[in-house]
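Below is one structure; the comments refer to it alone.
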Amino acid sequence: MAELLTEIAGIEFKNPVWLASGTCGYGEELTDFYGLDELGAIVTKTISLEPRAGHPPPRVFETSSGMLNAIGLQNVGVDKFISEKVPFLRKHRAKLVVNVAGRSVDEYCRVSETLNSVSDDVVMIELNMSCPNVASGMEFSKKPSLASELVKSVKKITPIPVIAKLSPNVSDITEIAVAVEEGGADALSMINTLVGMAVDVNTFKPRLSNITGGLSGPAIKPVALAMVYRASQAVKLPIIGIGGIRNVEDVIEFMLCGASAVQVGTANFIDPMTPMNISHDLDIWLERKGFTSPSELIGKIEVE
Amino acid sequence: MSGVYQAEIVSNNSIDNEAYLLTLKAPEIARASMPGNFVQLKIEMADGGFWRRPFSVLDTDGGNIKILYKPLGKGTLALTKFPPGKIVSVIGALGNSFSFPSRDSMIILTGGGIGVPPLYNLAKHLIKSDYNPRNIHFFNGAAGHDSIVYLEESAELGINVYAVTEDGSMGIKGYVTDGVKQFLNGMSKTSLSNEPVMYACGPMPMLRAVGLMVSEYDVYCEMALEALMPCGFGICMGCVVMARDDKSVEGFSYKRVCREGPVFRADDIIWETDGKKWLNY
Ligand SMILES: Cc1cc2nc3c(=O)[nH]c(=O)nc-3n(C[C@H](O)[C@H](O)[C@H](O)COP(=O)(O)OP(=O)(O)OC[C@H]3O[C@@H](n4cnc5c(N)ncnc54)[C@H](O)[C@@H]3O)c2cc1C
Ligand SMILES: Cc1cc2nc3c(=O)[nH]c(=O)nc-3n(C[C@H](O)[C@H](O)[C@H](O)COP(=O)(O)O)c2cc1C
Ligand code: FES
């Protein structure tokens with residue numbers, strides 16, 4: 001048997017297969033299907049300082065090999081998350097990564113600081129940097145200086161290791177990757193969804209109440225791979241690959257392009273057992289190919 | 001509790017009026033399912049469609065579940081080609097279910113189009129629980145006689161069945177709510193002893209009309225809603241509907257049709273605010 005144990009920023013994970021933010025709630029519904037302790041980690045739905053109602057429906061639309069969503073960060077807020085959701089996750093021994101967002105650097109910091117009270121439960125914080133900064137209207141992940149400042153500020157306030165989750169909606173991903181590395185991030189995760197839209201030709205109306213939304217699913221995998229590959233050339237930080245992952249071959253591709261671990265998102269909707277199947281198949285794949293650990297694959301793509 | 005199951009297709013036949021009846025061997029789901037519950041079927045389809053498709057449980061028969069569906073688009077059309085013996089992945093039983101009314105109620109079922117299956121299931125369960133079939137009134141609405149589904153099968157339960165067609169080609173002419181209104185108007189004159197209780201399912205515009213009607217007539221009503229459902233078991237927050245919520249500061253919250261629903265109390269659904277209509281599709 002291969003050893004799936006994976007280390008990121010000094011933390012050990014049972015395997016390199018995690019659940020992506022916004023595609024697994026707070027874990028509760030998935031316990032119908034498997035034990036949360038079987039996962040590498042679970043990344044929660046984005047948590048903000050105050051609860052958010054989210055966008056009105058329609059919030060989702062199916063596209064070719066992908067989907068659009070504009071959920072609007074509907075979440076219970078950090079206080080309720082700590083009092084109502086963390087005890088459940090603790091009881092189920094989930095390796096817990098909390099995804100955090102805010103409208104300002106200060107708001108990100110206040111959510112992260114509040115999480116210090118459960119630092120025994122939270123192994124990492126993932127910053128959702130695809131949120132607009134109210135002051136400038138620009139997403140944190142779009143401007144290197146803003147991205148760097150955000151990471152630096154959060155790092156100052158919490159001892160919990162920080163993952164910077166990057167948006168693909170930028171002209172040069174390496175610029176942002178370098179900036180968050182300089183800001184002191186412990187790891188990168190990428191990619192978040194790509195901005196997209198769809199229109200109903202009968203009603204002339206956009207398919208989403210928010211007009212535009214985020215594209216995810218198999219359709220975005222090639223984009224994600226290219227971004228992971230390019231970022232891995234630019235920084236030394238461990239990278240957690242996200243985007244359209246459905247099976248073990250997808251995971252191997254991400255690892256060869258430089259990812260140390262992966263997150264499964266949209267595929268959970270179609271088959272909640274996907275992460276379990278991938279871990280199982282990864283073990284078999286590595287064994288068959290004569291590897292003892294997935295870490296042997298990281299960045300091993302052969303380019304002439 | 002729901003699970004992912006590999007179910008064998010027992011049969012998959014076209015029945016009346018372009019509707020298909022699919023029977024799946026799924027004993028765990030058959031055992032767990034209650035009227036209002038649904039399943040998520042995985043259907044390989046063209047055009048890169050990849051979400052599962054949700055279908056109400058129409059009926060259970062030993063270890064089998066039955067689904068009544070109309071081919072509308074790429075998924076349901078592909079499903080019509082699935083032969084007996086084929087194994088399909090199915091998640092279920094999902095969602096909540098209708099509550100049972102008090103025994104002496106006048107039970108009104110209001111179904112439009114492909115909203116009939118959960119109501120048929122409810123009628124069958126009520127009869128199995130010794131409710132008087134004569135107290136059950138099923139209004140089955142459709143565009144015309146050639147699109148009305150499962151009318152005879154419903155009549156075979158011994159309940160009162162009324163066809164309502166928009167073009168008047170069968171039964172009462174008008175929208176299904178017109179048929180129900182006629183009935184309610186007549187009833188208030190004759191039998192006031194039986195409190196009416198309504199159950200509804202159908203397209204959202206129809207349910208909206210039902211919602212307005214029951215508030216006008218002051219009738220308790222539960223309705224099974226429709227929504228686009230990326231997952232069906234509560235992890236994506238994509239299928240929500242705007243619902244009253246006294247606990248939230250806004251006075252409402254977005255509830256998941258797949259988890260807190262599909263069955264909601266009609267008076268909990270917010271159909272419009274400030275003149276803006278909310279339709280979840
Ligand atoms: C809880 C629930 C129970 C349902 N029960 C039944 C049932 O018992 N029998 C049945 O025939 N249908 C039922 N439906 C509707 C069924 O899921 C859709 O008809 C189906 O998903 C359409 O898929 P498609 O690929 O054929 O259509 P697509 O090609 O995806 O779309 C074709 C058309 O169908 C509409 N549509 C797509 N998805 C839905 C949806 N989820 N709900 C309503 N309209 C949709 C689209 O707006 C479009 O106009 C149910 C839906 C829900 C949410
Ligand atoms: C319905 C939905 C909700 C999401 N919500 C969040 C979120 O709250 N925070 C976040 O950082 N990413 C969110 N994402 C993005 C995913 O975590 C992931 O980055 C993206 O979907 C790409 O991976 P995938 O193709 O495997 O889904 C969401 C994605 C989907 C589909
Ligand atoms: S369909 Fe995903 S939460 Fe309801």
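The chains referred to below are lettered A, B, ... by the order of the sequence lines, with proteins before strands, and numbering in each begins at 1. This is a predicted model, so every value here is computed, not measured.
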pair [X]-[Y]: side-chain heavy atoms closer than 4.5 Å:
X: Asn69(A); Y: Pro230(B); answer: no
X: Arg259(B); Y: Glu28(A); answer: no
X: Glu62(A); Y: Lys74(B); answer: yes

Under 6.0 Å from the [atom1] atom of [X], do we count more than 12 heavy atoms belonging to anything else shown?
X: Lys70(B); atom1: NZ; result: yes
X: Ile284(A); atom1: CD1; result: yes
X: Lys80(A); atom1: NZ; result: no
X: Glu50(A); atom1: CD; result: no
X: Tyr175(B); atom1: OH; result: no
X: His280(A); atom1: NE2; result: no
X: Glu18(B); atom1: CD; result: no
X: Arg52(A); atom1: CZ; result: yes

At a heavy-atom separation under 4.5 Å, does [X] approach chain B through its side chain, its backbone, both, or neither?
X: Asn268(A); result: both
X: Thr63(A); result: backbone
X: Phe61(A); result: both
X: Pro218(A); result: side chain

Search all heavy atoms of [X] against all heavy atoms of [Y] and return the closest pair with its distance.
X: Leu228(B); Y: Val60(A); answer: CD1-O, 3.7 Å
X: Tyr254(B); Y: Gly54(A); answer: CE1-O, 3.3 Å
X: Ile71(A); Y: Met237(B); answer: CD1-O, 3.5 Å
X: Ile270(A); Y: Ile91(B); answer: O-CD1, 4.3 Å
X: Phe269(A); Y: Cys236(B); answer: CZ-CB, 3.3 Å

Selection from Pro51(A), Gly66(A), Gly22(A) maximising heavy-atom pairs under 4.5 Å formed with chain B: Gly66(A)
query: Among Lys45(A), Gln74(A), Met273(A), which has the most heavy-atom pairs under 4.5 Å with chain B?
result: Gln74(A)
field: Distance in Å, Leu94(B) CG paired with Glu29(A) CD, rounded so as to fall on 0.5 Å steps
entry: 11.5 Å
field: Pairwise distance CH2(Trp51(B)) to CE(Met67(A)) - rounded to 0.5 angstrom
entry: 5.0 Å
- request: Test the Arg246(A)-Phe50(B) pair against the cation-pi criterion, namely NZ or CZ under 6.0 angstrom from the six-membered ring centroid and within 45° of the ring axis.
  value: no
- request: Please flag which part of Ser253(B) lies under 4.5 Å from any non-hydrogen atom of chain A: side chain, backbone, both or neither.
  value: neither
query: Are the side chain of Arg59(A) and the backbone N or O of Val240(B) linked by a donor-acceptor pair below 3.5 Å?
result: no
field: chain A contacts, top residue of Met229(B), Lys42(B), Arg52(B), Gln40(B) (heavy-atom pairs, under 4.5 Å)
entry: Arg52(B)
query: Who wins among Ser2(B), Gly3(B), Gly234(B) for the most heavy-atom pairs under 4.5 Å with chain A?
result: Ser2(B)
